[in-house]
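What follows is one structure encoded as structure tokens, with my remarks underneath.
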Amino acid sequence: MSELVFLDNVKREDNTVLTVGTFDGVHAGHRAIIDTVVAKAEEKKARSVLVTFDPHPRNIINPGDDGIKLLTTLEERCEILEELGIDRMIVIPFDRDFSLLSSEEFIRDIIHQKIGVSEFVIGYDHHFGRNREGTIETIEKLGAELNFDSYVVSKREVGEKTVSSTAIRKAISEDGNIEQATKFLQRPYRLNGTVVHGDKRGKEIGFPTANIKPDHVNKIIPKDGVYAVRIRISGNWFDGMMNIGTRPTFDGEKQTLEVHLFDFDDDIYGKEVQVRFFNRIRDEKKFSGKEELIEQLKSDKKQAQQLLGEH
């Protein structure tokens, strides 16, 4: 079981293979580094650790109006890392003071002194520390002095994929291209949230829905539209379709995330759920009235069931 630990609660352990980075999305481009950490830890009978940051460093160094949108919350990232075989995710609270640490101070005081390290795995193009002045050479030099190995994951090992968190964010939130995002992530996009009360309109037209409030205010929401999804509730998975948008047929103004689960009528208010997105079915649109909407929803359901049957 991968464990999420904040830096203040870390127990130092020298026999540790680790890597450092934000790893938002834990996408295909990150996999070569993570797989290397896991393989080397198994080889050395060491613990495998990924050191990450919260909030996203760009929100502290270059704060925008709304802050950078997240592909993965800490909990989602930790769950994915567990699936990939990482023993522990250590979270460093990222603030202005921390951003001023030099790369040498970071490795000496945090990585070596607080966490412990026997091998440091780094991507071929990774920079870290104040003004991103830390390089592979910094790690190799300090490794020789502090007695830990370093391993550089080459561009060849990462592959020629132009996969980036930025490209995935665009595919999901601007293009609604869930299939492309799935390819880049090597898994369906997921969103954790809680079921909250809605206005019960879905029930009135024979398509009851659960309203989902995302766990994190900065979590990326897919582009408005209708999606084929699977939902995890209390450890069980259910097929459904999700509408994201303002419900223009009913003159809605606020964006909502509403999921209709197939063949399901349990009361799930207040439950924590996870949504996984498989396909985008269509744009959200305004219908002439309830009858036209109901016909469209029947068609959407049929299409979603067919698509989910293929996964």
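What you see below is based on every heavy atom in this structure, not just the backbone, and it leaves out hydrogens, waters and symmetry mates.
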Distance check, rounded to the nearest 0.5 Å: [X] atom [atom1] versus [Y] atom [atom2]?
X	Y	atom1	atom2	value
S99	D97	OG	CG	7.5 Å
L293	K298	CG	NZ	11.0 Å
H27	L71	NE2	CG	8.0 Å
T19	I33	OG1	CD1	5.5 Å
F207	E258	CZ	CD	13.0 Å
I80	E75	CD1	CD	11.5 Å

Do the non-hydrogen side-chain atoms of [X] and [Y] ever get within less than 4.5 Å of each other?
X	Y	result
I139	F148	yes
D14	S118	no
V275	V259	no
F277	M242	yes
F6	L74	yes
I115	L7	yes

Relative to the ring of [Y], is the ring of [X] parallel (under 30°), tilted (30 to 60°) or perpendicular (over 60°)?
X	Y	answer
F94	F98	perpendicular
F238	F264	perpendicular
F53	F106	tilted

Do you know which two heavy atoms are closest between [X] and [Y], and how far apart they sit?
X	Y	answer
I268	V195	O-CB, 3.4 Å
R58	T166	NH1-OG1, 4.3 Å
V37	V17	CG1-O, 3.6 Å
N59	I68	OD1-N, 2.5 Å
Q255	T246	N-CG2, 4.0 Å
T73	K219	CG2-CD, 4.3 Å

Indicate yes or no: does [X] engage [Y] in a salt bridge with an N to O separation below 4.0 Å.
X	Y	value
D24	R169	yes
D175	K223	no
D266	K271	no
R232	E79	yes
E119	K40	yes

Backbone of [Y] reached by a side-chain donor or acceptor of [X] within 3.5 Å:
X	Y	answer
Y227	I178	no
R77	T72	yes
R96	I60	yes
D267	Y269	yes
Q274	R190	no
N279	L308	no
E76	N192	yes
S173	P222	no

Short side-chain donor-acceptor distance under 3.5 Å, N243 and E284: yes
Pair E105-S102, side-chain donor/acceptor within less than 3.5 Å: yes
Would you please test Q303 and M241 for side chain to side chain contact (heavy atoms under 4.5 Å, CB included) and show each step? CA-CA 10 Å; Q303 197 180 341; M241 59 187 189; over 6 Å; no
Atom [atom1] of [X]: over 12 foreign heavy atoms under 6.0 Å:
X	atom1	value
E272	CD	no
N147	CG	no
K183	NZ	no

side-chain hydrogen bond (donor to acceptor under 3.5 Å, both in side chains) filter on E292, not counting sequence neighbours, yields S288
Walk me through it: do D239 and W237 pass the test side chain to side chain contact (heavy atoms under 4.5 Å, CB included)? CA-CA 7 Å; D239 288 358; W237 289 96; over 6 Å; no
